[in-house]
There are 2 protein chains.
Amino acid sequence: MANVSAERGRSTRQRLLDAAVALVPEVGWSGVSTRLVAERAGVAPGVVHYHFASVTDLLVAAGLGVTEALLGRLATELRARPDIGEAVEWLLGELSRYSGTDPASLLLVEMFLAATRLPELRERLGEQVGRFRAMVASWLVERGYQGDPAVAAALLAASIDGIMLHRALDPGLDPAALGGPLRAMLGKGAPS
Amino acid sequence: MANVSAERGRSTRQRLLDAAVALVPEVGWSGVSTRLVAERAGVAPGVVHYHFASVTDLLVAAGLGVTEALLGRLATELRARPDIGEAVEWLLGELSRYSGTDPASLLLVEMFLAATRLPELRERLGEQVGRFRAMVASWLVERGYQGDPAVAAALLAASIDGIMLHRALDPGLDPAALGGPLRAMLGKGAPS
DNA sequence: TAAAGTTTTGGACGATCGCCCAAGTCGAAT
DNA sequence: ATTCGACTTGGGCGATCGTCCAAAACTTTA
């Protein structure tokens, strides 16, 4: 039978995934090494290559797991809000809760860059982002957005990630203050 | 006397800086090694540590040089445009000319992440970004922007970088198409 | 031309890397 | 109690890392 310890508490595999997620923001995507992640997970170095074919495989699996969870959470939260303006406010409020060096936001940016050099990650992460944009677009339409919803969704997603990126450099930047122009952006359709 | 070869053609030091700039988008910030950059520059491996105290020092100097030049160019171009909407159009047009894996845009993102773990880079890059935001803010005021110019500048800068980031993942994303909502964002002041 | 200074060379050093594996541990099935 | 398969251990392998340095090559000064 398969691993039994998987049913009680976090399995070794999950411990490795969690350790990888925690380490990427600390030492960077390529700074995560076999021994480092094993030490963080509290296991022997060799165990990494028993559960994963390579360190890269571990990082890809760990990263995509986090983004998939984030995606689901955002979809649920957005759907629960009937008004676009209020949803934007909530979104920026969430961003405010992150410190500039927050693991989650830095992980996402690291993944974007890593995807540039890893075709498999690029494809799978691109698929996730595409799904997110599609979800936001239909969400905008349902709430009466009058412009091109695909364009607005793409710009909104890019803006959110850009704010995360700038906060990594300047934690003093307050996302909540950006609500004005951001709501203005979604308040009317595309002119030309 | 000081290096004379610096006066005729690119000095060895400049060749190293150029090689580093070209390599960062290819192999990542931490993927740039002594031997790699020396080979790309066409010099012996040891020369790197003659001109720079460490590879990190080389990368910081190379990166800040590029961003400083970019900053100056953007300032000049923006000042030459009297209308906000037209300037946004030009900005997005410039972004369109980059492929998703364009060296310049990827370098900037790599620097943001590296700055997270390098206090000196963080401070100097943060100062540059701050100067850029201040420049854009006063530029907006001169052109009659009615909202909080600092907020708009911060959001505009973050959005631009976010678009770059998303284009790294999805080169099919067309920046020019985002002009509508982006102009809407800058077309009115902050409501509340 | 000789001496002094500057720049370049190519390899040495110890540390760490990813990946691999023979041996050991442990629970489940017989 | 014994066998078996899943899992873990800790170290070995060759490669590459950042850094350093003595010697060679080149430039400028005297």
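Everything numeric in this text was worked out from a predicted model, so none of it was measured. Numbered from 1 within each chain, the chains take letters A, B, ... in sequence-line order.
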Novice: Would you say A:R79 has more than 12 foreign heavy atoms packed within less than 6.0 Å of its CZ?
Specialist: no
Novice: Tell me if a side-chain donor or acceptor on B:R97 pairs with a main-chain N or O of B:G93 at a distance below 3.5 Å.
Specialist: no
Novice: Please state whether the phosphate of C:dC17, meaning OP1 or OP2, lies under 4.0 angstrom from any side-chain nitrogen or oxygen of A:S33.
Specialist: yes
Novice: To the nearest angstrom, how far is B:F52 atom CZ from D:dG18 atom P?
Specialist: 15 Å
Novice: To the nearest angstrom, how far is B:R15 atom CZ from C:dT8 atom C1'?
Specialist: 13 Å
Novice: Once side chain to side chain donor-acceptor pair (under 3.5 Å) is applied, do any residues pair with A:R40, and if so which ones, sequence neighbours excluded?
Specialist: A:E26
Novice: For A:V48, which contact category applies under a 4.0 Å heavy-atom criterion: base, sugar-phosphate, or nothing?
Specialist: nothing
Novice: So with a 6.0 Å cut-off around CZ of B:R124, is the heavy-atom count from everything else above 12?
Specialist: no
Novice: What's the CG-P distance between B:L58 and D:dC17, to the nearest Å?
Specialist: 15 Å
Novice: For B:L59 and D:dG18, give me the distance from atom CG to atom C1', rounded to whole Å.
Specialist: 12 Å
Novice: Could you state the CH2-C1' distance from A:W29 to C:dG18, rounded to the nearest angstrom?
Specialist: 16 Å
Novice: Using a 4.0 Å heavy-atom cut-off across all strands, classify B:V32 as base, sugar-phosphate, or nothing.
Specialist: sugar-phosphate
Novice: Tell me whether the side-chain N/O atoms of B:T12 come closer than 4.0 Å to OP1 or OP2 in C:dT8.
Specialist: yes
Novice: Within this structure, what is the CD-to-P distance between B:Q14 and C:dT7, rounded to whole angstrom?
Specialist: 15 Å
Novice: For DNA chain C, whose closest nucleotide is more 5', that of A:G46 or that of A:L36?
Specialist: A:L36
Novice: Send over the distance from B:D57 CG to D:dG18 C1', rounded to a whole Å.
Specialist: 13 Å
Novice: Of A:T34 and A:V47, whose nearest nucleotide on DNA chain C comes first from the 5' end?
Specialist: A:T34
Novice: Where the side chain of A:R117 meets the backbone of B:P25, is there a donor-acceptor pair that is under 3.5 Å apart?
Specialist: yes
Novice: Is the phosphate of D:dC7 approached by A:Y50 (side-chain N or O, under 4.0 Å from OP1 or OP2)?
Specialist: yes
Novice: OP1 or OP2 of C:dC20 versus the side-chain N and O atoms of A:H49: is any pair under 4.0 Å?
Specialist: no
Novice: In whole Å, I'd like the distance from the CZ atom of B:R35 to the C1' atom of C:dC13.
Specialist: 11 Å
Novice: Examine C:dT8: is either OP1 or OP2 under 4.0 Å from a nitrogen or oxygen in the side chain of B:H51? Give yes or no.
Specialist: yes
